[in-house]
Structure formats: structure tokens, C-alpha cells
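Model, not experiment: these values are computed from the prediction.
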Amino acid sequence: MSRELPMPFCTEMVQAIIEGRKNMTRRIKFSGEVGDTIWVREAYAHRTPLYSGKNCGTENYVYKADGFFARPWKSGRFMPRIAARLFLEVTGLRAEPLQDISEADAEREGMKKQGAHVYDLPYTFRKGFRFKWDELNAKRGYPWLENPLVTVVEFKRINA
């Protein structure tokens, strides 16, 4: 029996989902199964008369990923289900050490190529992933260099 599960994504990754560049994510803990539906938690704000017209989000909300300049933005971590507009079906799961990510999988994570400016190393999706991973997870105790075991969640965007 499939379930609906919330999952927060940063604004950059929400944009990658919308653009069709992201169909995979790595998580330290994930309790879902293939066939489950993930509803995306993202930065949002309540719609006011200032925000109106086409592409303004769901009935009562606007979203940071759409380029609105609402203040204050509410963190996606606290987004209620009713505000969700993006839904993902889990199509695959596997566990692996974080640093085992391939260049192809880093691209599927929605990354842009990035490199090290000091050493003039080649730009890669994997380096972009490493920098984004540390930005989001190092302070939580899961830095890239620790190489934690992660769950690789593959998904496709669906209409709910």
C-alpha cells in the first residue's frame, strides 16, 4: 500500500525538479518504499493581493522557487500538505556510501557543473553535488568527508 510522505527540498532543487533536471535525491534517513508519493516541501508564503495572476502557485500560496519576492518566506520544513504543489512517485531505492555517486547520478540530482577555482580542476556535476551536499548537510553532522551511508531515492514527477 503506497503512502504519502513529506520531503523538504531547497529552492535550487525545487527549481531543478520543475525544470525536469532532478529525478533523484540522497537522504540520510528515508522510510519510504517504491510506489510511495512524496509531496515536496518548499519555501512558500501566503498569497496576498500583491501576488495575483498566472503562475502564482496554488489557491492561497506563492513559492520562492517561482521567483517571487515575498517576505517573510516560510521554511519548507513547516509547509502543510495543503500548500503542496509538487508530487513525486518513488521509482527506485538503494543504499550506498555518499561518495559512490557517479557523474551521471550527480547530474540526475539536478546539479550544475562546478569546479575548484584555486586548482583549476575540471568542472563536474559531482563537484557541484559535493558542494551542495556540504551546504545542506555538514552542519547537521553529515559532511561529505565522513562518507555517510545514504538512501538513493529515484523518482518521477506526477500530478496529484
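For the pair I158 and L88, the tightest heavy-atom approach, listed with the atom from each and the gap, is CG1-N, 4.2 Å. Of all heavy-atom pairs spanning T11 and A43, the tightest one is OG1-CB, 4.2 Å. Minimum heavy-atom separation, W144 to W133: N-CD1, 3.8 Å. Scanning both residues, I101 and E109, for their nearest heavy atoms gives CD1-CG, 4.1 Å. The two residues M111 and F125 come nearest to each other via the heavy atoms O-CD2, 3.3 Å. Across all their heavy atoms, N147 and L98 have their closest contact at OD1-N, 3.2 Å.
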Item to complete: Decide yes or no on side-chain contact (heavy atoms from CB on, under 4.5 Å) for V90 and I38, but give the supporting numbers first.
Response: CA-CA 7 Å; V90 177; I38 295 168; 3.7 Å; yes

Item to complete: Would you sort out whether I18 and D66 count as a side-chain contact (heavy atoms from CB on, under 4.5 Å), showing the intermediate values?
Response: CA-CA 10 Å; I18 291 169; D66 291 340; 4.2 Å; yes

Worksheet item: Is there a side-chain contact (heavy atoms from CB on, under 4.5 Å) between V150 and F30 once you walk through the steps?
Response: CA-CA 9 Å; V150 295; F30 181 74; over 6 Å; no

Discussion item. Test side-chain contact (heavy atoms from CB on, under 4.5 Å) on H46 and K74; report intermediate values, then the result.
Written reply: CA-CA 9 Å; H46 289 278; K74 296 184 180 193; 3.2 Å; yes

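Taking CG from L5 and OG1 from T37, the interatomic distance works out to 8.0 Å, rounded to the nearest 0.5 Å. The CD atom of E96 sits 9.5 Å away from the OG1 atom of T151 when rounded to the nearest 0.5 Å. To the nearest 0.5 Å, atom OH of residue Y142 and atom CG of residue L149 are 11.5 Å apart. Taking OG1 of T25 as the reference point, atom CE of M13 lies at 9.0 Å (rounded to 0.5 Å). Distance CE/M79 to CH2/W39: 7.0 Å, rounded to 0.5 Å. Note that CZ of F131 is 11.0 Å distant from CD of E135, once rounded to the nearest 0.5 Å.
Counting heavy atoms from C-beta outward, V152 and L93 have side chains that stay 4.5 Å or more apart. The shortest side-chain heavy-atom distance between E19 and V14 does not fall under the 4.5 Å cut-off. Counting heavy atoms from C-beta on, the side chains of L136 and C10 come closer than 4.5 Å.
A donor-acceptor pair is defined here as one N or O able to donate and one able to accept, closer than 3.5 Å; no such pair exists between the side chain of R108 and the backbone of E103. Put simply, the side chain of D36 gets close to the backbone of E33: a donor and an acceptor are under 3.5 Å apart. For K22 (side chain) and M24 (main-chain N/O), a donor-acceptor pair under 3.5 Å exists by modelled atom type. Judged purely by atom type and a 3.5 angstrom limit, N137 has no side-chain atom pairing as donor or acceptor with the backbone of P143. In this structure, the side chain of N23 does not engage the main chain of F155 through any donor-acceptor pair within 3.5 Å. Judged by distance alone, the side chain of R41 and the main-chain N or O of P8 form no donor-acceptor pair under 3.5 Å.
Ring centroid separation for the pair Y44 and Y61 comes in under the 6.0 Å cut-off.
Ion pairing of R157 with E89 is absent here, as no side-chain N (NZ or NE/NH1/NH2) approaches a carboxylate O to less than 4.0 Å. Between E4 and R81 there is a salt bridge, since a side-chain N of the basic residue sits under 4.0 Å from a carboxylate O of the acidic one. Under the 4.0 Å criterion applied to side-chain N and carboxylate O atoms, D105 and R26 are assigned as salt-bridge partners. Ion pairing between R94 and E154 holds under the 4.0 Å rule for side-chain N and carboxylate O. Ionic pairing of E42 and K64 is not present here: no N-O contact between side-chain nitrogen and carboxylate oxygen is shorter than 4.0 angstrom.
Annotation: cation-pi geometry satisfied between R27 and F9 (NZ/CZ under 6.0 angstrom from ring centroid, within 45° of ring axis).
Applying the salt bridge (charged side-chain N to carboxylate O under 4.0 Å, His left out) rule to pairs touching residues 136-146 yields nothing, sequence neighbours excluded.
Residues Y63 and I82 fall within the same hydrophobic cluster, defined by Ile, Leu, Val, Met, Phe, Trp and Tyr side chains chained together at heavy-atom separations under 4.5 Å.
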